[in-house]
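Contents: one structure, followed by commentary.
Here the structure is a predicted model, which is why all the values come from computation and not from measurement. Below, chains carry the letters A, B, ... as their sequence lines are ordered, and counting in each starts from 1.
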Protein chains: 2
Amino acid sequence: MDGTFDPESLRPVLDGRWEHIRQEARERMRELRPPAGESGDTEQERARVMDGLRQLTEQGYPRLGFAKEYGGEGDIGGSVVSFEMLGFGDLSLLVKAGVQWGLFGGAVQALGTDRHHTRYLRAIMDLELPGCFAMTETGHGSDVASLLTTATYDPATSEFVIHTPVDKARKDYIGNAARDGRMAVVFAQLITGGESGDSHGVHALLVPIRDEQGRALPGVRIEDCGRKGGLNGVDNGRLSFDHVRVPREALLNRFGDVEPDGTYTSPIESPSRRFFTMLGTLIRGRISVAGGSGSATKTALALAVRYGEARRQFERPGIGTEVPVLDYLSQQRRLLPALATTYALHFAQEELVTALHEIQTAALHGDGDDGREDGDKTEEWRQRELESRAAGLKAIATWHATRTIQDCREACGGAGYLAENRLVQLKADTDVFTTFEGDNTVLLQLVAKGLLTRFQHDVEELGTLGLARFVAEQFAEALIERTAARSTIARLLTARGEPDEDDLLDRAWQLRAFEDREKHVLEGLARRLRRATADDADPFEVFNDAQDHVLRAGRVHVDRIVLEAFVAALDRCDGPAAPLLARVCDLYVLSTVEADRAWFLEHGRLSPSTAKALIETVNDLCKQLRPHARTLVDAFAIPGHLLEVPITQGPPATD
Amino acid sequence: MDGTFDPESLRPVLDGRWEHIRQEARERMRELRPPAGESGDTEQERARVMDGLRQLTEQGYPRLGFAKEYGGEGDIGGSVVSFEMLGFGDLSLLVKAGVQWGLFGGAVQALGTDRHHTRYLRAIMDLELPGCFAMTETGHGSDVASLLTTATYDPATSEFVIHTPVDKARKDYIGNAARDGRMAVVFAQLITGGESGDSHGVHALLVPIRDEQGRALPGVRIEDCGRKGGLNGVDNGRLSFDHVRVPREALLNRFGDVEPDGTYTSPIESPSRRFFTMLGTLIRGRISVAGGSGSATKTALALAVRYGEARRQFERPGIGTEVPVLDYLSQQRRLLPALATTYALHFAQEELVTALHEIQTAALHGDGDDGREDGDKTEEWRQRELESRAAGLKAIATWHATRTIQDCREACGGAGYLAENRLVQLKADTDVFTTFEGDNTVLLQLVAKGLLTRFQHDVEELGTLGLARFVAEQFAEALIERTAARSTIARLLTARGEPDEDDLLDRAWQLRAFEDREKHVLEGLARRLRRATADDADPFEVFNDAQDHVLRAGRVHVDRIVLEAFVAALDRCDGPAAPLLARVCDLYVLSTVEADRAWFLEHGRLSPSTAKALIETVNDLCKQLRPHARTLVDAFAIPGHLLEVPITQGPPATD
């Protein structure tokens, strides 16, 4: 590829729809204290991050995501993008902000009604009311429908009694709980009609946990989770409740309410469907995690690429100068496909945020169906699709972050291990991203199950049993719902006849390869589950034996969504950087196919000779992109002071 | 697989030749302070680890590895095994012990002569003389032959002048330097005949760096590397020298000496060969790192398997109880192939230690050739083979550790992220193992280059240029030098005709698969390099373009060595655990082939249908081994108190 490219010609393509938000965020980040390696003094780290939260409050950061009626700006997509940008800096601050305004504030906004909004949202935005999102319990993390905490209504006093019946029902890993939180959104099984009464499934209630002096309130036990692998600026703790009473109005009652006499009402009849609808409104958190992990990945790559250009090792024979380590193929192989995938995930994230923004903005303006069972099915379908994509992208993006940051650390050798160079802290802080907001393995299964049932209405049948009995009809074509760049892709696919198997750089071949793989994997999975259940087998065994197939189905689906987003971005990009971006897309596609080429070979999609050529093409793309690596990371426009670490300062001056 | 197995029937097979050392180490570890998550108070952590070092001294730990003449026990293999066992506990202590006795003491023993041994070895063993191994510089880590520090001989005073000529020549990441070291083995370019005199290549000298009060000596600048990703109990620092004078006798003069008048003498004429011979004597450090990383991996697996049995999530339909997470195929897939590989690497490590022990013990008793150029070629060949295997196993074992500990952390979800459960500290501490004692990527290339040149004598020709011009003759057969279980393997391979491609569980098929792959990859690489150089191409480009092929050659070679070690262990194991161990070997082999099945497909070694069957066989082996997972980790016999963390204590008592 000839010529040089200006990062400034790429940046607007990456910045996309919320470019103004991104630029403002870059400005604001200059005022924040730059991240330091953890001092190890937990109290100091927590205090520092709480200070950062106050600073964000002063900057007006929290307002973006809240409705205008309560002093917010009502820019849902913008709030997710603004959060994502924080990921270039201190990740403890990112997570603490996410807990306070995304999870806690977000739950009050999404699950509460006007009485909660009026009373609490301003205080939450202003950080006058620091709060927690208390869902996970020691005994139930992935299976949140089985939470054990109870909220039993007492009509005599019009109160709910919040109780932790067994040790494993204590709320665990709760951010903001160990030090700062005053109130918690507590998820509990709602019971009316006394202790042996009717259970209506999991609901959320606002429960004060500390007084103004920061002391635990009577009946509330607060423990500290102590040191973690990272994110030690966030005060994670455990909460247990001993018959703690809160007024009836503490119930966040958008999807279910209790009359003073104890009568339960809800717009959604099925308890399971009701709960999944509630969870669906909280999707912003999951999407935000994917975004934040992307920023951390970009930072790691920016550091490693700069190091790779400055660091030299071993003389080049016949030349006598030492070789910049990024000139080695092994270093390119480590960093450049990861960089290309980071671009791909960036565009997929932008598209997901756009979908979230449109769906939730419509809902805010009353265009949505509010989960009513007689609602518009298209609306519900879009919501389910959003949830599925959020789950899938969160899993793929956070695994990508974990792997890439690790590779960047290794690519920087011993210098990469020093705290001053940020990489180890990035790794330590992002490590739990694959676990929180939904364990990745569980999320990918959700994606696959969603695809198999084509977003059927009966969520309660989504269990293993229901799924294993599922019979697919006219399955294949319906599966591939294009989410992005529909017309471009259609044009690409029809512009010519059958693409040549050997033309790996043909975009139509690439799109077909991903699409065909997804279809085949899903069809095979459906057939396998159907066949197995015909023999009256144990449905758990059937499903469990196919679990690797299920996970693969989720993964290849996400790959296709991601590629389509990249193609859509190429379509938008007609500036001078277009040829560069097209090569990055090629590297994303071909390194993805390369990693999975066993599948393509096993299913006759690639001949052995083409598979071997593929490896050489990936090598060649790495070589072509090597001179532009710095441009590609510069286009992320990470605020410079966040990259000013010894590792990027080149060799010592007296070299 | 029917029946249950007793971990005690497996333990002796794992404990092997140095069982008594392992059992003693287990006893001694009970007296050491158990590892805690890092407090973040660097000074406190360093003091704690220094205390641990004193305790090890009192226990007599250091004696094993030193010669009997100086108060040691002269059990070279035993000392490596004893070090390995420390890896179950505090990894900062492991590394600090490695620095003091392995690197510093080891260099004095291996590179010094009687005058150094008599004067220093007891003080080193007794920790009266804490020291450093100062090889790596800021500017040169992998390419240590290009170090810039100088040791210039001054015949007027019979002294060497140690000097750091430029900033990037400062010694960097040096363990024991920031706080405790009094003396350092400094690697420097030895110059005689004045500053513009003759350079004799890199040599090692003993340089005092601190006085009795711990103050830096005149001309010595000591900086602190500060916080690291882990291992913060080890005081890594930077050393610079401003014309620091040491007496002529400070030169560790086994392989090169300077007469009082400045005449340089050496038993090895070629400076490059001399330096590589010196490095070769220090091989114990690299082997020790592989062992230590194995112990950390075992610990992580023991924690994750216990958690996987105790932790339950999601009800099993129709049964009503929650499923232990280790019953899920996805969890088995994460942990059990890694566990099988850990077994395989354990046996390969045991064999490597045995080879080291025999070669170095023979050298101690004067049976070796001391590097003389007229020495016994078989002896030299064995040494080169040892170095190659040490490099390869170190790379594969430490990458395995990084990946496996990460997977174990993820498999334990949020609990895995809490410091109290050890996994994050294990990950953080072992992270740099892929970098120190040789960067893994560089090491695997050494392995491949060594194979290509079949341990040619002319080490100086091992550079890129020499290699690219290399012409292979009757290459293939000579490559596969079996290192273990020669007779067993020969018997297996000849007991029957061509093995059936479809019988994946046939050990002969498995052995052939690994051997054939290695041969093919190496032959292909040699052909490729030869062909490319015929066109008068730039040798750097030729070699760099093939770097992925080179790395693959190193990797598949190590895989074969590892498998042969496992087969040798099966051969030794005739007790009741033999069938279990055989299944573990199957899982190791088939999960390794599965991960690389694209290659087997591309090269017509597996048909698509057999490749698909392979995936199912791996699933089936996971299922078969699931009930024995606990037995397999219990057989490591990790001292119980090191596994007593909340995560292994099962659900809270009031469950």
Side-chain angles (χ1 to χ4, degrees), chain A residues 37-41 136 138-139 141-143 166-168 172-173 225-229 313-314 316-317 328-330 333 409-410 413-414 417-420 424 428 431-432 434-436 439 441 463-465 539-540 544-545 547-548 551 597-598 601-602 604 608 611-612 619 651-655, chain B residues 37-41 136 138-139 141-143 166-168 172-173 225-229 313-314 316-317 328-330 333 409-410 413-414 417-420 424 428 431-432 434-436 439 441 463-465 539-540 544-545 547-548 551 597-598 601-602 604 608 611-612 619 651-655:
Chain A
E38 291 187 349
S39 70
D41 180 333
T136 296
T138 304
S142 295
D143 184 11
V166 291
D167 277 359
K168 70 173 183 175
D172 210 342
Y173 319 116
C225 287
R227 296 293 290 183
K228 306 185 296 290
Q313 204 73 176
F314 293 107
R316 182 163 172 153
Y328 291 110
L329 175 64
S330 61
R333 274 277 186 175
R409 198 303 284 159
E410 293 182 29
Y417 196 56
L418 299 185
E420 63 186 20
V424 287
D431 192 62
V432 76
T434 58
T435 297
F436 68 19
D439 178 273
T441 301
T464 304
L465 196 66
F540 173 81
N544 197 37
D545 288 351
Q547 205 179 19
D548 57 334
L551 292 169
R597 69 192 197 283
L601 286 155
E602 279 157 4
K612 289 183 202 169
N619 284 351
T654 56
D655 185 10
Chain B
E38 292 187 348
S39 69
D41 181 332
T136 295
T138 304
S142 293
D143 183 13
V166 290
D167 277 0
K168 70 175 183 174
D172 210 342
Y173 320 117
C225 287
R227 297 292 291 181
K228 305 184 296 291
Q313 204 74 175
F314 293 108
R316 181 163 173 152
Y328 291 109
L329 177 63
S330 61
R333 274 274 184 176
R409 198 303 285 159
E410 293 182 29
Y417 196 58
L418 299 185
E420 64 186 20
V424 286
D431 192 60
V432 77
T434 58
T435 296
F436 69 18
D439 178 273
T441 301
T464 303
L465 196 65
F540 173 80
N544 196 37
D545 288 350
Q547 205 179 21
D548 58 333
L551 292 169
R597 67 192 199 283
L601 286 155
E602 279 157 5
K612 290 184 201 169
N619 284 351
T654 55
D655 185 10

Using a cut-off of under 4.5 Å for heavy-atom pairs, which of Asp548(A), Leu329(A), Leu551(A), Thr434(A) has the most such pairs with chain B?
->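 Option with the top pair count is Leu329(A).
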Worksheet item: In terms of heavy-atom pairs under 4.5 Å with chain B, which of Leu418(A), Asp545(A), Thr136(A), Val432(A) leads?
Response: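 Result: the option with the highest number of such pairs is Val432(A).
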Are [X] and [Y] side-chain neighbours, meaning at least one heavy-atom pair lies under 4.5 Å?
| X | Y | result |
| --- | --- | --- |
| Tyr328(A) | Thr441(B) | no |
| Thr435(B) | Tyr417(A) | no |
| Arg597(B) | Glu602(A) | yes |
| Asp431(A) | Arg409(B) | yes |

- [ ] Under 4.5 Å heavy-atom distance to chain B, tell me which part of Phe314(A) shows up: side chain, backbone, both or neither.
- [x]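 Answer is both: backbone and side chain atoms of Phe314(A) are under 4.5 Å from chain B.
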Given heavy-atom pairs under 4.5 angstrom as the criterion, report whether the side chain, backbone, both or neither of Arg333(A) touches chain B.
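Looking at Arg333(A), just its side chain touches chain B.
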request  = Go through the side-chain N and O atoms of Gln547(B) and Ser330(A) and say whether any donor and acceptor fall under 3.5 Å apart.
outcome  =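 Yes.
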### Message
For the interface with chain A, which of Gln313(B), Lys228(B), Glu420(B) has the highest count of heavy-atom pairs at distances below 4.5 Å?
### Response
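Result: the option with the highest number of such pairs is Gln313(B).
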Legend entry - Distance-minimising heavy-atom pair for Pro317(B) and Phe540(A):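 Smallest heavy-atom distance, with atoms named: CD-CB, 4.3 Å.
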Point to revise | Contact origin within Asn544(B) toward chain A - heavy atom pairs under 4.5 Å | key: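 Both parts, backbone and side chain.
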